[in-house]
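Letters A, B, ... mirror the listed sequences (proteins, then strands); counts begin at 1.
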2 protein chains.
Amino acid sequence: MSSALHRKLQLYAPLSGADHGQLSNAMRQTRHVNARTDIAVEGDDPRTMYIILHGWAGRCRHLRDGRRQITSLLLPGDCCDPHVFLFHRRDHTITALTPVVIASIPGPAFKDLVAQSPVLESAFFYETMIAGSIQREVAVSLGRRSGLERLAHLLCELHTRQTAVALAEGQNCLMPLNQGDLADALGQTPVHINRMLQELRRLGLISLRQRHLTIHDADGLAELAHFDSTYLHALDTAQKGEN
Amino acid sequence: MSSALHRKLQLYAPLSGADHGQLSNAMRQTRHVNARTDIAVEGDDPRTMYIILHGWAGRCRHLRDGRRQITSLLLPGDCCDPHVFLFHRRDHTITALTPVVIASIPGPAFKDLVAQSPVLESAFFYETMIAGSIQREVAVSLGRRSGLERLAHLLCELHTRQTAVALAEGQNCLMPLNQGDLADALGQTPVHINRMLQELRRLGLISLRQRHLTIHDADGLAELAHFDSTYLHALDTAQKGEN
DNA sequence: CGGTGTTTTGAATTCCTTCAAATTATGTGG
DNA sequence: CCACATAATTTGAAGGAATTCAAAACACCG
């Protein structure tokens, strides 16, 4: 039974058949979550780690006056903090942005899992490092890219990440977020997201209909976005050399 | 011999005398770096981990057209990626923002260090997790806080982080960044940083002279900034309950 | 004491937001 | 399968936050 996480960890380290089996076993407990529903809430005791099997979720921080920032987007195969157990208190909320299916791994079970296999342990470690790298690139986008560049950059990233876990078909992939969620991820207003989307379409770079994205001009989009996939390391499966 | 890192790791886990000794031993190789000089450059083979002993550095990403984003500020006691060894290529540059003294720990030496002591290993892990948490809060600031709020928030954070490693004296601490570097950390222009600093002073919240910061009204500053120190976990030494 | 870098000021412009309304999709029960 | 309610997208116009450009004032260092 191969999930997006299996495929992704395989990109990081050569998992054995036993590793895959142990991983499947640990992930056997699953749960369906409706769209716009919290999976884990700020302040919770973070005893459990979640893995996205289907659908998209977001790591969210809320300010008291209602402003929301989605600090990261979680796609199938992504882990919600493989190592949160170290903290005694969640510092952010995980919310389902579409209908989602998650696997839950209790802290002790995860510890057992990685204790049994150094390869699996380092693969999960690599996953944590990549998440950090993506998080830094978010800061670059929010801090130094214009609205148009930001949106272009996010689309490049989402396509690359989905390609890595075999969820893209050529230049097509899912982009199920509505413009409000995109706005919260990119630090802008829905109205402006709307205008930037129209601009990307007008430039002939993308199509986005019915939650499906097609990239018509990958090079043009990447150039506009200043997208350099180095920060995605092993997730950039079209990489030139080493990850 | 106690460094800021010793003090910080002690906040995360109860290090033994032997742990402190091993750590000091691993950190014995030090290097002075001039201000505005790169410590480690994007594209490098990341074989070595660095620890800031004195001075401030920044993790920087550069866009081709010269824009720069400082994704994180590295203060004394901070580690430049305790686990970069997993990647084959640095995806960002570490630059000294002031004159800096760093300790260098080669990858293998670091692996030996944490292999010998589970407590030390989990303390370094905790450090990585905190860095991630801070990185997420950067996204919140850049995405959803106004210029004034961002600056206020950063000052709250820097004061808290310095307090954690005994580098603050009451409401006073260092803030050696110039307005250009602040701008690159906060995703704004130096001119605007200047105006926001004046505004914080005018509101009677802070003084900032000769690279020394004094917070006159910590509650007022925190409220303006929407600063909630939860995300700093054990670094918030004035924390109410558990980290 | 003069040169260099940093901070400050002003004015014009740009990007993005805000607010409000119209239009188009989406989903549900009859 | 259509009618209706609800949510999402799109449009327009006005306002605001931050940038840009340029110059002046100030600090710092040898």
Side-chain angles (χ1 to χ4, degrees), chain A residues 34-37 56 63 65-70 95-99 141-154 174-202 206-213 224-225, chain B residues 34-37 56 63 65-70 95-99 141-154 174-202 206-213 224-225:
Chain A
N34 291 331
R36 352 226 108 252
T37 306
W56 289 25
L63 300 189
D65 60 4
R67 280 177 282 180
R68 177 175 81 147
Q69 178 66 34
I70 298 178
T95 301
L97 301 173
T98 71
S141 274
L142 298 181
R144 289 298 181 215
R145 278 188 253 257
S146 72
L148 191 65
E149 292 166 347
R150 259 178 239 201
L151 184 52
H153 191 275
L154 183 65
L174 283 179
M175 214 308 292
L177 304 183
N178 64 30
Q179 297 178 6
D181 288 337
L182 275 175
D184 284 341
L186 295 177
Q188 298 188 302
T189 58
V191 171
H192 199 241
I193 293 293
N194 181 279
R195 289 173 178 141
M196 296 303 101
L197 271 175
Q198 289 181 51
E199 179 69 6
L200 289 181
R201 287 191 268 241
R202 198 191 59 77
I206 64 156
S207 296
L208 179 56
R209 283 189 297 272
Q210 321 232 238
R211 264 80 256 237
H212 285 260
L213 169 71
L224 166 61
Chain B
N34 292 331
R36 349 226 109 253
T37 306
W56 289 26
L63 301 189
D65 60 5
R67 280 178 281 181
R68 177 176 82 146
Q69 178 66 34
I70 298 178
T95 301
L97 301 172
T98 71
S141 273
L142 298 181
R144 286 300 181 214
R145 278 188 255 256
S146 71
L148 191 65
E149 292 166 347
R150 260 178 238 200
L151 184 52
H153 191 275
L154 183 65
L174 282 179
M175 215 308 291
L177 304 183
N178 64 30
Q179 297 178 7
D181 288 337
L182 275 174
D184 283 343
L186 295 176
Q188 297 187 304
T189 59
V191 171
H192 199 241
I193 293 293
N194 181 278
R195 288 171 179 144
M196 295 303 101
L197 271 174
Q198 290 181 51
E199 179 68 7
L200 289 182
R201 286 191 268 242
R202 197 191 61 74
I206 64 155
S207 296
L208 180 54
R209 283 189 297 271
Q210 323 234 233
R211 262 84 253 238
H212 286 260
L213 169 71
L224 166 61

**Student:** Contact boundaries of DNA chain C with chain B (under 4.0 Å, heavy atoms), 5' to 3'?
**Tutor:** C/dT6 to C/dA11

**Student:** Would you say A/Asn194 reaches D/dT10's phosphate, i.e. side-chain N/O to OP1/OP2 under 4.0 Å?
**Tutor:** yes

**Student:** Applying side-chain contact (heavy atoms from CB on, under 4.5 Å), can you list everything that pairs with A/Ala185, at least two apart in sequence or on another chain?
**Tutor:** A/Ile70

**Student:** Would you say that B/Arg150 contacts B/Gln188 through its side chain, given a criterion of any heavy-atom pair below 4.5 Å between the two side chains?
**Tutor:** yes

**Student:** Taking only residues two or more places apart in sequence or in another chain, which ones pass salt bridge (charged side-chain N to carboxylate O under 4.0 Å, His left out) with A/Arg202?
**Tutor:** A/Glu199

**Student:** A/Arg145: which residues meet the salt bridge (charged side-chain N to carboxylate O under 4.0 Å, His left out) condition with it, sequence neighbours left out?
**Tutor:** A/Glu137

**Student:** Could you tell me whether B/Arg211 contacts a base, only the sugar-phosphate backbone, or nothing, with contacts defined as non-hydrogen atoms closer than 4.0 Å?
**Tutor:** sugar-phosphate

**Student:** May I ask you to say what B/Arg67 touches in the nucleic acid, namely base, sugar-phosphate or nothing, with a heavy-atom cut-off under 4.0 Å?
**Tutor:** nothing

**Student:** With sequence neighbours excluded, tell me which residues meet side chain to side chain donor-acceptor pair (under 3.5 Å) with A/Asn178.
**Tutor:** none

**Student:** Tell me, please, which residues at least two apart from B/Asp65 pass side chain to side chain donor-acceptor pair (under 3.5 Å).
**Tutor:** B/Arg67

**Student:** Using a 3.5 Å cut-off on both pairing distances, which stems of three or more Watson-Crick or G-U pairs include DNA chain D?
**Tutor:** C:1-14 with D:17-30, C:17-30 with D:1-14

**Student:** Got a second to check how far A/Leu151's CG is from A/Ser141's OG, nearest 0.5 Å?
**Tutor:** 10.0 Å

**Student:** side-chain contact (heavy atoms from CB on, under 4.5 Å) with B/Pro176: which residues, sequence neighbours excluded?
**Tutor:** B/Trp56, B/Thr98, B/Leu174, B/Arg211

**Student:** Across nucleotides 14-30 of chain D, 5' to 3', mark each nucleotide with B, S or - according to how protein heavy atoms within less than 4.0 Å reach it.
**Tutor:** ----SBBB------S--

**Student:** Restricting to side chain to side chain donor-acceptor pair (under 3.5 Å), what partner residues turn up for A/Thr37, sequence neighbours left out?
**Tutor:** none

**Student:** Pairs in or reaching into residues 174-187 of chain A: which pass salt bridge (Lys or Arg N to Asp or Glu O under 4.0 Å), with residues at least two apart or in two chains?
**Tutor:** A/Arg36-A/Asp181, A/Arg68-A/Asp181, A/Arg68-A/Asp184, A/Asp184-B/Arg144

**Student:** Would you kindly give the CZ-to-P distance between A/Arg36 and D/dT6, to the nearest whole Å?
**Tutor:** 17 Å

